[in-house]
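Sequence lines set the chain letters: A, B, ... in the order given, protein chains first and strands last, and positions in each chain run from 1.
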Amino acid sequence: MPTSRITDTFAKASGESRAVLVSYLMAGDPDLETSFAAMCALRDNGADIIELGAPFTDPMADGASIQKAGLRALAHKTTLADTLALAARFREDDKTTPVIIMGYANPVFRMGFAKFAEAAHEAGVDGTILVDLPPEEDGELRDAYAPYDLSVIRLATPTTHEARMQKVAEGASGFLYFVAVTGVTGAGSADPQAIAGNIEMAKRVSGLPVCVGFGVKTGDQAAEMAKIADGVVVGSAFVDHAEKAHESGEFADAPRGMGALAKELSEAIRTVAKQ
Amino acid sequence: MDLRNTWDQWPDANGRFGEFGGRYVAETLMPLILDLEAEYRKAKEDPAFKAEMDDLWTHYVGRPSPLYFAERLTEHFGGAKIYFKRDELNHTGAHKINNCLGQVLLAKRMGKTRIIAETGAGQHGVATATICARFGLECVVFMGETDVERQKPNVFRMKLLGAKIVPVSSGTGTLKDAMNEALRDWVTNVDDTFYCIGTAAGPHPYPELVRDFQSVIGKEARAQIQEREGRLPDAVMACIGGGSNAIGLFHPFLEDESVRLIGVEAAGHGIETGEHAAALNGGLPGILHGNKTYLLQTDDGQIVDAHSISAGLDYPGIGPEHAFLRDTGRAEYLSCTDQEALDAFQLCTRLEGIIPALEPSHALARVGEVVKELGPDGLLILNMCGRGDKDVFSVAKALGVDM
């Protein structure tokens with residue numbers, strides 16, 4: 001089922017001949033109040049879609065920044081229910097910005113896929129990216145989402161060859177998240193030239209908007225990616241502001257720093273026309 | 001579906017043992033594990049693969065391992081006859097090498113030049129480093145910082161063998177974190193790297209292939225006991241961390257429904273204290289490290305650290321086939337505390353002149369009760385899956401002896 005807020009967001013950006021900015025933050029890092037302020041700051045400074053990380057003890061696809069962010073959130077006892085409540089609070093005043101929950105399967109499995117789907121729908125969440133639920137394993141999740149306007153957003157990577165891409169595209173909705181580097185979040189930097197062909201293929205095979213993430217940190221990098229993709233995802237670079245705020249104890253610095261970065265990235269994206 | 005008619009038919013095409021198992025990995029790894037599965041199917045049919053493995057098992061590892069009648073321990077308990085399957089006599093001192101050899105031969109077939117592994121106690125790391133030295137392959141071993149500290153002799157052995165040790169400080173610095181870090185390395189180095197998983201867990205096809213390589217234990221034991229006693233045993237027993245030695249012993253007996261299969265988990269300070277490693281007796285189903293299985297976790301699905309005196313059992317999960325065998329009732333799973341394992345370690349050492357590793361000491365601690373249940377006409381095989389040389393320092397410490 002297409003998710004209207006997500007579809008509208010891509011349609012609007014497409015009308016402006018630009019890519020969307022997807023920004024990631026970890027729920028509860030350094031605390032939930034700060035996360036809420038950060039979500040608003042991201043939106044106010046040009047982030048089109050907000051990815052809300054749900055903390056997990058064993059994030060096997062994440063690099064050091066997001067691992068530590070998760071542990072900070074867990075140190076404050078942030079639960080999956082808290083993450084959903086944070087999304088719901090944001091949705092009270094914002095009826096248009098898509099909110100995607102990104103995390104790992106186990107907390108959702110423990111809550112129960114059906115119960116989670118209902119709660120996510122109630123909270124105004126638009127979809128999820130569960131890193132360790134590949135197409136082979138997300139059947140129960142898709143069934144649980146079917147009654148609601150919730151997207152199953154899947155990952156594709158440089159190792160996803162065309163036959164595999166068909167499997168990835170089947171049953172996926174919202175957009176496709178293309179992982180630019182073979183590696184963990186925040187590691188290395190992505191080379192737009194090397195993946196341009198993969199992204200073309202992903203768009204063609206899936207028929208979905210394709211967003212590129214992993215290894216995008218600066219305005220220049222975002223602008224380069226914005227030429228070839230429908231959206232650019234930035235995560236670790238935002239999360240680093242939460243880390244600094246945690247270390248200094250000045251939590252208000254987190255939304256401020258994240259907002260400034262969102263502004264830089266969204267302006268950079270707007271300087272280039274999508275090809 | 002009557003699961004009991006099909007014990008040895010698992011996993012199914014989706015890598016499931018009933019509801020457990022599967023392939024819960026990031027998309028980057030999916031093509032790799034699908035390739036691995038395809039290559040494994042081919043290798044299984046290839047006589048040259050089996051021939052090379054058999055030759056190395058015989059002349060390098062020292063298989064078959066003996067089946068030894070533990071006469072004095074049997075007298076001590078006054079119940080069923082106790083046999084030890086002596087996999088502690090293998091090259092490198094544990095069963096781990098059975099699997100490493102198989103996986104590294106697969107890696108070679110696939111043209112991979114770099115082998116990574118996780119290790120807790122260091123036995124799987126040593127076995128992997130050993131086989132890599134034998135074949136001249138680069139070897140990188142991920143080991144939790146806490147374990148690097150408490151397993152110094154094995155760290156040095158791995159270095160002597162030419163392996164690079166990567167101490168893992170993320171998370172809590174134990175086996176599960178080492179496994180996370182190995183998976184992170186694998187998603188980063190997909191082209192040249194083979195991940196040699198040490199236990200019968202992880203994404204499909206690992207639980208199946210580790211089980212198949214370790215099943216040499218049960219196949220030999222099944223033939224040996226029939227030669228010695230003219231019949232099948234009444235029970236076979238093994239300790240369980242991830243469960244590779246246990247599934248290797250159990251699997252060839254699955255269809256022999258008269259044979260009780262008994263696994264013993266590490267209860268640490270006692271399951272009621274919450275400080276233990278007994279995923280089946282004190283955990284809930286969940287998803288971690290590529291498979292659905294029983295896990296130590298909170299109500300919110302966060303993974304809880306395991307505790308055991310034995311670093312080899314100190315893991316919050318368990319292989320998915322054990323989860324299946326437990327839920328279907330085909331196998332029984334007991335548990336044993338740190339203290340009970342220490343007592344059994346000393347008893348076996350004095351009575352049999354065999355210093356067991358702390359891991360099989362857990363199974364030894366429950367053997368007395370089982371042989372009494374079976375009675376003097378009974379027959380039991382216990383898998384002596386590792387030798388205790390590596391543990392003498394931690395045992396001395398636990399006993400308050402200053403070496």
Side-chain angles (χ1 to χ4, degrees), chain A residues 54-64 67-68 70-71 74 77-83 103-112 116 129-139 154-161 163-165 167-168 176-179 181-185 187-188 214, chain B residues 13-16 19 21-35 168-172 174 176-193 202-204 284-293 295-305 316-317:
Chain A
F56 183 50
T57 40
D58 295 81
M60 65 177 184
D62 283 304
Q67 286 173 40
K68 285 189 273 177
L71 292 178
L74 290 171
K77 311 247 182 271
T78 309
T79 64
L80 185 56
D82 292 333
T83 304
Y104 291 80
N106 197 50
V108 175
F109 172 75
R110 276 314 322 159
M111 181 180 276
F116 174 79
I129 305 167
L130 296 176
V131 178
D132 51 352
L133 273 191
E136 280 80 355
E137 305 295 353
D138 71 6
R154 295 227 186 100
L155 300 167
T157 80
T159 63
T160 313
H161 46 74
R164 177 74 197 160
M165 192 67 82
K167 178 93 184 162
V168 169
L176 200 67
Y177 187 140
F178 190 86
V179 175
V181 293
T182 53
V184 293
T185 50
F214 282 44
Chain B
N14 298 314
R16 296 265 169 188
E19 69 169 298
R23 304 180 182 101
Y24 295 89
V25 295
E27 184 58 34
T28 313
L29 294 180
M30 274 310 292
L32 279 72
I33 61 172
L34 293 171
D35 280 354
V168 176
S169 59
S170 62
T172 49
T174 57
K176 83 175 172 75
D177 305 296
M179 199 154 177
N180 290 333
E181 214 53 38
L183 285 163
R184 289 178 190 127
D185 181 289
W186 202 23
V187 299
T188 308
N189 301 288
V190 292
D191 293 328
D192 63 346
T193 297
H204 179 64
L284 292 166
I287 296 163
L288 180 71
H289 292 153
N291 57 172
K292 185 185 286 183
T293 188
L295 301 171
L296 303 182
Q297 57 183 314
T298 66
D299 290 341
D300 198 42
Q302 305 297 339
I303 307 304
V304 173
D305 282 317

Run B/R184 and A/Q67 through side-chain contact (heavy atoms from CB on, under 4.5 Å) and show every step you take.
CA-CA 12 Å; B/R184 289 178 190 127; A/Q67 286 173 40; 3.0 Å; yes
Walk me through whether B/T298 and A/T79 qualify under side-chain contact (heavy atoms from CB on, under 4.5 Å).
CA-CA 10 Å; B/T298 66; A/T79 64; over 6 Å; no
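For the residue pair B/I287 and A/F56, the shortest heavy atom distance occurs at O-CZ, 4.5 Å. Of all the heavy atoms in A/P135 and B/E27, the pair that sits closest is CD-OE1, 3.6 Å. The heavy-atom pair separating A/R110 from B/L284 by the smallest distance is NH1-CB, 3.5 Å. Pairing each heavy atom of A/L80 with each of B/D300, the nearest pair is N-OD2, 3.2 Å. Of all non-hydrogen atoms in B/P285 and A/F109, the two that sit nearest each other are O-CE2, 3.4 Å. Residues A/G183 and B/T188 share a closest heavy-atom pair of CA-OG1, 3.5 Å.
Residue A/A64: no heavy atom, backbone or side chain, is found under 4.5 Å from chain B. Looking at A/T78, only its backbone comes within 4.5 Å of chain B, counting heavy atoms on both sides. Interface remark: A/D62 contributes backbone atoms only to the contact with chain B (heavy atom separation under 4.5 Å). For chain B, no part of A/P158 is nearby; none of its heavy atoms comes within less than 4.5 Å. For A/L130, no part lies under 4.5 angstrom from a heavy atom of chain B.
B/W186 contributes atom CH2, which lies 13.0 Å from atom OG1 of A/T182 (distance to the nearest 0.5 angstrom).
Interface summary for chain B: among A/V181, A/L71, A/L74, the most heavy-atom pairs under 4.5 angstrom belong to A/L74. Heavy-atom pairs under 4.5 Å with chain A were tallied for B/D177, B/L29, B/V190, B/D185; the largest tally goes to B/V190. Among A/V179, A/L155, A/V108, the residue making the largest number of heavy-atom pairs under 4.5 Å with chain B is A/L155.
Side-chain N or O atoms of A/T57 include one that pairs as donor or acceptor with a backbone N or O of B/I303 at under 3.5 Å.
In this structure the side chain of A/E136 never reaches within 4.5 angstrom of the side chain of B/N14, judged on heavy atoms.
A/N106 and B/Q297 share a side-chain donor-acceptor pair at under 3.5 Å.
With A/M60 as the partner, the side chain to side chain contact (heavy atoms under 4.5 Å, CB included) test is satisfied by one option alone out of B/L288, B/N180, B/V187: B/N180.
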